[in-house]
Amino acid sequence: MTLLALRDVRKSFGALKVTDGISLEVKEGETLGILGPNGAGKTTLFNLISGDVRADSGQVQYEGIDITGLPPHRRCRAGIGRSYQVPQPFGNMSVFENLVAAACFGGGEDEKKAWVTAQEVLEQTGLRAHANKPAGGLALLDRKRLELARALATRPRLLLLDEIAGGLTEPEARQLVQELKNIKARGVTMIWIEHVVHALMALADRLFVINFGQKLAEGEPHAVMADAEVRRVYMGVEA
Ligand SMILES: Nc1ncnc2c1ncn2[C@@H]1O[C@H](COP(=O)(O)OP(=O)(O)OP(=O)(O)O)[C@@H](O)[C@H]1O
């Protein structure tokens, strides 16, 4: 079943066409990897899916329903969870309180249920030891984990991950990939923007490459990475 579909979605900022007629589909349970050079329009694509940015034209469908006009909190309650490239926790609140807040306000749970969700997510993301620490004091890997955990606490069916492996060491990136594999195994559909290509390749069922707001390539990950145009644009490799 198709969980998410974009149909000819367009967004400009002034004269800059940042999303220039993107169409894509994501099936339930699938992990789609998004690649593209800096400034290609990847985060804007997430903003259009999460509702942080409204499309100028085109349609965003989720579970077969047109959500193009819905605000972000309604999309989140409908099951679209996301992380941000720059983690945005409530720094003065504890890790646990951040997760309770995400489950309540993002996921629409009452406080009692939100506590249970927060406990579960602490286990899933390896954050239990940090539960009572202020979120603002966490090291990079744990800040990235918390960003993922906050998205998971909204109980998403569709999880949008924006450069969650950036800046991590090799062993940390491997740990993160394992955690994401566990999430995928529970049936969560994912779209992952990532420049750490080997991490993306370890998880993605399909890649979608964007350049100047348009689709450059789409398909099986190894085939896409072998594509001469992708190698030229993304890796600077001339044939
Ligand atoms: N709100 C905005 N107002 C004006 N310009 C914007 C806005 N948001 C994004 N842009 C511009 O749109 C272009 C695409 O930005 P976007 O963040 O989507 O790219 P990206 O592919 O995610 O880049 P990166 O890999 O560097 O994160 C950039 O030139 C950016 O400056």
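First listed ligand is number 1; within each ligand, the first listed atom is number 1.
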Review point. Below 4.5 Å, heavy atoms only, C-beta onward: do Ile80 and Ile67 meet side chain to side chain?
Key: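 Sidechains of Ile67 and Ile80: in contact.
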
Practice item. Let me see the working for Gln124 and Arg186 under side chain to side chain contact (heavy atoms under 4.5 Å, CB included), right down to the final yes or no. Key: CA-CA 11 Å; Gln124 287 166 13; Arg186 289 199 297 276; 3.1 Å; yes

Check your understanding: What's the shortest heavy-atom distance between Leu4 and Thr2, and which atoms?
Key ->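 Shortest heavy-atom contact: O-CG2, 3.4 Å.
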
Practice item. Evaluate the criterion side chain to side chain contact (heavy atoms under 4.5 Å, CB included) for residue pair Asp205 and Lys184; output intermediate values, then yes/no. Key: CA-CA 11 Å; Asp205 301 303; Lys184 181 181 165 84; 2.7 Å; yes

Review point. Side chains of Glu179 and Thr125: do they bring a donor and an acceptor to under 3.5 Å?
Key: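 Their side chains do not contain a donor-acceptor pair, so the 3.5 Å distance test is not met.
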
Check your understanding: Phe96 vs Trp115 aromatic rings, parallel, tilted or perpendicular, using cut-offs 30° and 60°?
Key ->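 If you compare the ring of Phe96 with that of Trp115, the planes turn out perpendicular.
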
Review point. Using a threshold of 4.0 angstrom between heavy atoms of the protein and any atom of ligand 1, which residues qualify?
Key: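 Ligand 1 pocket, heavy atoms under 4.0 Å: Phe13, Leu16, Val18, Pro37, Asn38, Gly39, Ala40, Gly41, Lys42, Thr43, Thr44, Gln85, Glu163, His195.
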
